Amino acid sequence: MRYKELGNTGEKVSAVALGTWALGNDAWGSVQDEESIRTIRKAMDLGINLIDTAPAYGVGHSEEVVGKAIEGRRHDVLVSTKCGTVKKDGVRSRNLKPEAIRQELEDSLRRLNTDYIDIYLLHWPDPNTPLEDTIEEIVKLKKTGKFRYFGVSNFDVEALERISTITPVDCFQPHYSLLSRNRMAEIEYCHQHGIGVTSYGSLAGGILTGKFREKPVFSPGDNRSSFYPFFEEPLWSKSVELISALQKIADDYGKPLSQLALNFASQNEMITSTLVGAKTPAQVSENAASCDWMLSPEDMVRIEGLYQKIFTGTVR
């Protein structure tokens, strides 16, 4: 396993981390808690030391599963969770009011069965709550020792700058992969200011595993079709074209396409850790094995060139 420093925190985190949205058992098909716990423990055995979850994943269920899995091994991992996105009666909403954050933090600590959280993130911006009110509450709560590092997910550069005038940001969590570059301005900002970046969506909902030969039809309740834009035109055809070219490169290395995609993200100097979901020990083992080899600098440039040519029409 490769490790990188998380911004200016001094913490070293695995280049591949475990995302647990699917383990909430409400958005990515059915999973069994026993299998989820085995998956998390397998990740730790393989040297993955960052586990990311959120209350919104299965209305707290993912946090509960993570809490059971890390029991007895709490000090082997950094646990990252979030606040501000809630799900009730199947509907998601955003709430970063101070009183809501206080309650969410206590609920997360209880579900995770821990007395502290390593990285606490604001999940999504809340347009109905002044950002300064939210951050002032975060500063107060951090002083209690109930979380160690503060971060945000899905915020823009302007918000990062506003937050940084009140308190340091330790971690930023954006959507980033071979297929998604919409947050490059924020990623570059974080790199310039010593903020760790733990990117999500690393396999683009499974497209970057190469398993979809035809445009899939997902079952009701499967969030991939609504959360990721790549399953619809015109991005679907572009994704298929890129994947066809990438598969040839992966074959030259004798490695799965998924590992090429994870390496492309984790070898980016601006990305600290690449979050990727897994439902089984076998899946997490294959993801972790991406850190056993590296793409050459020439192939990193070649892959970026393919993306730019197919998605933007720019030849590099």
Side-chain angles (χ1 to χ4, degrees), residues 2-19 21 48-54 78-85 94 96 101 117-127 131-132 134-136 138-139 141-142 147-204 261-277 290-291 295 300 303-304 307-308:
R2 298 194 303 270
Y3 296 88
K4 294 184 179 182
E5 290 196 6
L6 182 67
N8 292 329
T9 66
E11 298 284 354
K12 289 187 178 295
V13 298
S14 50
V16 169
L18 178 62
W21 188 359
I48 291 175
N49 71 344
L50 175 59
I51 299 174
D52 181 82
T53 184
L78 299 174
V79 175
S80 168
T81 194
K82 311 172 187 75
C83 64
T85 298
R94 302 177 188 178
L96 287 175
I101 296 174
I117 291 162
D118 295 288
I119 305 171
Y120 200 52
L121 301 110
L122 308 182
H123 204 160
W124 287 89
D126 171 12
L131 183 58
E132 286 71 20
T134 297
I135 302 307
E136 287 172 6
I138 284 291
V139 171
L141 290 171
K142 188 177 181 183
F147 65 90
R148 301 170 62 207
Y149 304 116
F150 165 61
V152 299
S153 180
N154 306 302
F155 281 60
D156 60 20
V157 170
E158 180 187 4
L160 284 166
E161 290 177 333
R162 287 171 62 191
I163 294 168
S164 295
T165 64
I166 303 173
T167 190
V169 178
D170 300 306
C171 181
F172 177 63
Q173 192 174 111
H175 187 186
Y176 172 82
S177 73
L178 263 169
L179 297 180
S180 178
R181 312 298 175 81
N182 295 335
R183 289 293 185 180
M184 290 309 302
E186 289 77 15
I187 291 170
E188 290 169 1
Y189 174 89
C190 291
H191 182 64
Q192 294 167 2
H193 292 83
I195 299 170
V197 176
T198 58
S199 60
Y200 70 85
S202 311
L203 294 179
L262 294 179
N263 259 329
F264 181 82
S266 69
Q267 285 181 227
N268 185 333
E269 66 174 356
M270 296 187 291
I271 303 296
T272 310
S273 188
T274 303
L275 294 170
V276 58
S290 66
C291 289
L295 290 160
M300 289 286 289
I303 291 167
E304 179 63 21
Y307 170 83
Q308 295 296 337

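All values reported here derive from a predicted model rather than from experimental measurement. For the numbers below, each heavy atom of this structure counts, side chains included, while hydrogens, waters and symmetry mates do not.
For Tyr307 against Leu178, the heavy-atom pair with the smallest separation is CD1-O, 3.1 Å. Between Ser164 and Val169, the shortest heavy-atom contact is OG-CG2, 4.0 Å. Among all heavy-atom pairs drawn from Val16 and Cys291, the shortest one is CG2-SG, 3.7 Å. For Tyr200 against Ser153, the heavy-atom pair with the smallest separation is CE2-OG, 4.0 Å. When every heavy atom of Lys82 is checked against every heavy atom of Thr53, the shortest pair comes out as NZ-O, 2.7 Å.
Salt bridge Lys142/Asp170: present, at least one basic N to carboxylate O contact under 4.0 Å. Under 4.0 Å is where a charged nitrogen must lie from a carboxylate oxygen, and between Lys4 and Glu11 no such pair does.
In this structure, Thr134 contributes its side chain and Leu96 its backbone to a donor-acceptor pair below 3.5 Å. Asp118 places no side-chain N or O within donor-acceptor distance of the main-chain N or O of Ser80, the cut-off being under 3.5 Å. When atom types are taken as modelled, the side chain of Gln173 and the backbone of Leu121 share no donor-acceptor pair closer than 3.5 angstrom. Formation of a donor-acceptor pair under 3.5 Å by the Asp52 side chain with backbone atoms of Gly19 is not found in this model. The main-chain N or O of Leu275 is found under 3.5 Å from a side-chain atom of Ser202 such that the two form a donor-acceptor pair. In this structure, the side chain of Arg94 engages the main chain of Pro125 through a donor-acceptor pair within 3.5 Å. A donor-acceptor distance shorter than 3.5 angstrom exists from the side chain of Thr165 to the backbone of Arg162, with no hydrogens or angles considered.
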Let's go through Ser14 and Arg2 carefully: what are the C-alpha distance in whole Å and the side-chain angles of both, what is the deciding distance for side chain to side chain donor-acceptor pair (under 3.5 Å) to 0.1 Å, and is it a yes or a no?
CA-CA 6 Å; Ser14 50; Arg2 298 194 303 270; over 6 Å; no

Give the table of side-chain donor-acceptor pairs shorter than 3.5 Å for residues 182-192, with sequence neighbours excluded, one pair per line with atom names and distance.
unit_1: Arg183; atom_1: NH1; unit_2: Phe155; atom_2: O; d: 3.1
unit_1: Arg183; atom_1: NH2; unit_2: Asn154; atom_2: O; d: 2.9
unit_1: Glu186; atom_1: OE2; unit_2: Val157; atom_2: N; d: 3.4

